[in-house]
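Here the structure comes first, spelled out in structure tokens, and everything after it is commentary.
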Amino acid sequence: MGGRCVHQEGWYRGARRLVPSSSRSFVTCRRMTVTASYRPVPAHVDLPATERDVIALWESQGTFDKSLEQREGAPRWTFYEGPPTANGTPGVHHVEARVFKDVFPRFRTMQGYRVERKGGWDCHGLPVEIAVEKELGFNGKPDIEAYGIAEFNAKCREAVLRNVGLFEEMTERMGYWVDTDDPYRTMDTSYVESVWWALQQIFEKGLLSEDYRVAPYCPRCGTGLSDHEVAQGYETVVDPSVFVRFPLTSGPLAGEASLLVWTTTPWTLVSNALVAAKADVTYVAASNGTETLVVAEPLVEKALGEGWTIDARFEGSDLEGWAYQRPFELVTWPDDNAHYIVTEDYVTTDDGSGLVHQAPAFGADDFLSGRRNGIAMVNPIDSSGHFEAGLDLVGGAFFKKADAALVADLDSRGLLFRHVPYEHAYPHCWRCHTALMYYASPAWYVRTTVAKDALLRENENTAWYPETIQWGRYGDWLRNNVDWALSRNRFWGTPLPIWRNDADPSKLVCVGSLAELSELTGRDLSGLDPHRPYIDDVTFTRDGEDGTYRRVPEVIDAWFDSGSMPFAQWGYPHVEGSAEKFEQAFPAQYICEAIDQTRGWFYSLMAVSTLVFDKNSYENVVCLGHILAEDGRKMSKHLGNILLPVPLMDEHGADAVRWFMACSGSPWQARRVGHQALQEIVRKVLLTYWNTVAFHVLYARTAGWSPADGAPPVAERPVLDRWLASRTQELVAEVTACLERFDTQRAGASLAQFVDDLSNWYVRRSRRRFWNGDPAALATLHDTLDVVTRLMAPLTPFITEQVWQDVVRPTDPQAAESVHLASWPVADDTLIVAGLDDQVALARRITELGRAARAEAKARTRQPLRRALVPSRAWEQLGDELRTEVEDELNVGALESLAGASGDLVEYSAKGNFRSLGKRFGKQTPKVAAAVAEADAAALAAAVADGGSYAVVVEGETVEVSADDVIVSERPREGWAVVNDQGETVALDLELDEALVQAGIAREVVRMLQEARKNAGLEVTDRIRVTWAASGQAADAVRAHTATISEEVLAVELGEAAPRPASAGQSEGYVASDEDLGVTISLVKA
RNA sequence: GGGCCUAUAGCUCAGCUUGGUUAGAGCGCUUCCCUGAUAAGGAAGAGGUCACAGGUUCAAGUCCUGUUAGGCCCA
């Protein structure tokens, strides 16, 4: 097999199975084909500008479409796009989720899967209505009705798509590949019909029903809210908290005492029906000399304060039936059954007085208690949240605004015991921020509680990232599942497709499509807009039945729309071909949103598909933490700390933003995004990678080398090549494993470390070989860049595409036309050399120590030293090749073993290796370690050196220790610069002779000339003519090293002469001089 | 009141699953070194009660319990 073999196209080759990579390796790459060479690459790159070019390239090549066409017939990896409501401008937090929605589909596509990415828009719902209302200056439902539902909904339809353009711009700019040409839209007729079909399924299972319930209700919006909407709207507010006297009118304390009742909603006192006590709590009648009050015993002090004496005790159950005088007589009560004490389990003694005021219309517990006790429903507040106009004191007042007047009135009548502001979290409408009422009204429910076991089962089978959500936050929510309040008394939503017989309200028909409706009505309604108000006009009768069927007025919760997207995006089951599409793409392998969707989309998806198909619609769900501003707070206009996504990407590049989202910190955690973090990514990751590419291209072009020219097999290349090849394969395995478990953080850390090693170790150490155009080095780096480019492609699709176009594609006719059409690398185990990475790590460790020793001895690196000594074990492990690397790096003549030095040069020390000793000796570990430390280290070192063991005595017992049990350090004695750390030692021989000094000077001169070359603006390949002037030792040194210096600086001539005076003839040469060195040079381009 | 998450250097964060000798990185600061790709790189220094208190263990940043503080969610 020929060809450049690192990447190979067609890992998936169109057959209906996955074909793993063949065993082609990049060991031998010889091909006779003449290949074009690398495209020139600028050393400095403008990343945002490059990204715009790449976007244009993708556009012109149709790359995204090709990434799907190429996988025609391949196994699918299904992704669902959670539809944003395009009802606002996109923010940086949208980028976060979209990065994750892009990375894994790209990765899986490269792995050979077909990953369809159908975009979608959430079109219905209150947010849209609110925005339109605001635009039209409306203030509630009556305004809308006056305006006309048809016109209003037309405005909503228009508003929804108004910001789509902004989302599309951001989507394109960040490189998120999603099909925005053919998105699903929840307002489309086919989508609505799918939702109807699902509701019909649920209806037929008896799980869709109407009930009176107390539910959170927004009086401004005039609709009930679902629990997950309520969940989003808690706000901390200060409410009046009042303790009120309810004088007793029956029972043993009648006329003598009052109940003390606590509430934070004084406006509900108008509708008080009952007081609840807890049966098994002790209540007391307490007096302070002027009055007697009844409270729960544990709360006496908290509720009443000091100075109260207890007159009598009662069990809660004793209180049952005692009547009291209600706090307000503002509303007439229809019967006599009210205003007495009942017992309820939900009463607690945590807060208040242990006596709870109940108003059945305004609390869930109150409602159930009222129903149990046959209490009439008294509700003086209309659906807009205002008290009935005719009432005294509060007539026409908005419920929240009535508190002050009511409290003042209680006070004036002597019923107010105490009034303190109370700060608590109270639910508000998540869109309009109006305080919610808990309000009894009829509503349609999906009986999700019936499916609770199935939901728990499906959750068990779903993989959550991070997994704590599964049975933590989300599982908790499922276990406390309540029925889904589905209906909304609104306008812009999927109409609830239930028609009720007006003669017999128990007769209901749930319609699953316009076709069914056509059949029922006997006229063709296939072209009907299924929205209000048109659908409201559709009525029908049925043979043999009296009355007319009319649609119920409600629309449904938009969350049900989004939860239906797995099938509704295809119009399933009505649209032709939708069944096949649905079956191919259900369930999804992957969805991803931020954590706020636990009770939103994650739930609605799971609930809908479990109810309809008895199966969850996603297998893996990634749940992201929120993005915060640089100051650690939420981004908000109010705080002025907003970063807009497109400008942010135009400044730093989308790749940097993507890398931040995917790889910086933990994605599950709330994270701070800021300019500094992004700049660091650009500098440390992206530019380091780019510079390595630029370096490679520069020297490959200089040498006229291209991959087709071939190179020796990897096994025959120098050690650093073998190391890099091995490390690259390990990187492939590591990054693949990380991405397969959705761990972008670790994948990013591995890649960043690799790029750093590549640039700052491999390339730096191998520069000389690149200057010389060594095919082994060039081939190694080329193949590595090819692999790492593909590994980085899902994370940073732009810069990798540019590199692909500059480096891989021009040099390989078989290369895919885009990196995103290339196949994912598969680790070639045959290239992995066991232990090599450790050896190289040791070499790097020793150079580190050597540098430290030089710094300590103030021996600058350019001054060659005769030799450095390292422990014998390290010396052996390194081998010849790596010893040479270390010698070069440290600028020493030779790296020698300490063991070879004369005996008194080395001092041994030994200490115990706790990890090893601990396993063997347990409790005795510290004693054995102490014995090792005290032993004769030289003898011990000698004994264990050859795999032998050494006996130490611990509390009279002899214990054998071997090499693994101890850490032996060798430490040279005086006259040496020594750095010793954790068993590794480097000793430098600091003695200089004339030859070394001269070599040092020569190297200074080289350095000087190189700098001069650079300052003179020469190309790296330019030859030069040099003249120099120096005296004494320096002159001797230059003379002695003329050949070396010339070679190093590409001088065709290096003559000793008086340089031209600086004042004259500067145009003919570049002059530099170093006073410390006593050398002046002058150079001209040859 | 309940659930979950977090607490490690001035700042941003790894490390905790699987306990091991002297707890790391980057940014910032100081002093050096190196540099014919680099907006880079390297060495040294300053900077840490690994939130606190118990416990398990020969050994705890890591495991267990409790507490405190912050965050998110729910009541």
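The chains referred to below are lettered A, B, ... by the order of the sequence lines, with proteins before strands, and numbering in each begins at 1.
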#### Entry: Partner set under salt bridge (Lys or Arg N to Asp or Glu O under 4.0 Å) for A:Arg1023, not counting sequence neighbours
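None.
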### Contacts of A:Arg683 that satisfy salt bridge (Lys or Arg N to Asp or Glu O under 4.0 Å) - sequence neighbours left out
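Once residues adjacent in sequence are excluded, A:Arg683 has no partner under the salt bridge (Lys or Arg N to Asp or Glu O under 4.0 Å) criterion.
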### Query
What residues, two or more places apart in sequence or in another chain, satisfy side chain to side chain donor-acceptor pair (under 3.5 Å) together with A:His93?
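So A:His93 forms no side chain to side chain donor-acceptor pair (under 3.5 Å) with any residue.
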### Task
Could you tell me which residues satisfy side chain to side chain donor-acceptor pair (under 3.5 Å) with A:Tyr699, sequence neighbours excluded, listed by chain and number?
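With neighbours one apart ignored, the set is empty.
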### Query
Who are the ring-ring contact (aromatic ring centres under 6.0 Å, His included) partners of A:Tyr689, not counting sequence neighbours?
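A:Tyr689 satisfies ring-ring contact (aromatic ring centres under 6.0 Å, His included) with no other residue.
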### Task
Return the set of residues passing ring-ring contact (aromatic ring centres under 6.0 Å, His included) with A:Trp464 (not counting sequence neighbours), or none when no residue passes.
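If we apply the ring-ring contact (aromatic ring centres under 6.0 Å, His included) test to A:Trp464, skipping adjacent residues, the hits are A:Tyr474, A:Phe602.
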Would you give me the side-chain donor-acceptor pairs under 3.5 Å for residues 39-48 of chain A, sequence neighbours excluded?
residue	atom	partner	partner atom	Å
A:Arg39	NE	A:Asp806	OD1	3.0
A:Arg39	NH2	A:Asp806	OD1	3.0
A:Asp46	OD1	A:Ala49	N	3.2

Can you pull every protein N or O that's under 3.5 Å from an N or O on nucleotides 10-12 of chain B?
residue	atom	partner	partner atom	Å
B:U12	OP1	A:Arg672	NH1	2.9

### Task
For the residue pair A:Trp262 and A:Ser241, confirm or rule out a side-chain donor-acceptor distance under 3.5 Å.
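A donor-acceptor contact under 3.5 Å links the two side chains.
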### Message
So A:Ser759, base contact, sugar-phosphate only, or nothing? Heavy-atom distance under 4.0 Å.
### Response
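Base contact - A:Ser759 has a heavy atom under 4.0 Å of at least one base atom.
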### Query
Which stems, defined as runs of 3 or more consecutive Watson-Crick or G-U wobble pairs with both pairing distances under 3.5 Å, involve RNA chain B?
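As far as RNA chain B goes, consecutive pairing (with distances under 3.5 Å) yields the stems B:1-7 with B:68-74, B:10-13 with B:24-27, B:29-33 with B:41-45, B:51-55 with B:63-67.
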Give me, pair by pair, the N or O atoms of the protein and of nucleotides 17-19 of chain B that are less than 3.5 Å apart, along with how far apart they are.
none

Distances for protein N or O near nucleotides 41-46 of chain B N or O, under 3.5 Å:
residue	atom	partner	partner atom	Å
B:G41	OP1	A:Lys684	NZ	2.6
B:G42	O2'	A:Arg851	NE	3.3
B:G42	O2'	A:Arg851	NH1	2.8

For nucleotides 3-6 of chain B, list the nitrogen or oxygen atoms of the protein found under 3.5 Å from its nitrogen or oxygen atoms, one pair per line.
residue	atom	partner	partner atom	Å
B:C5	O2'	A:Gln669	NE2	3.0

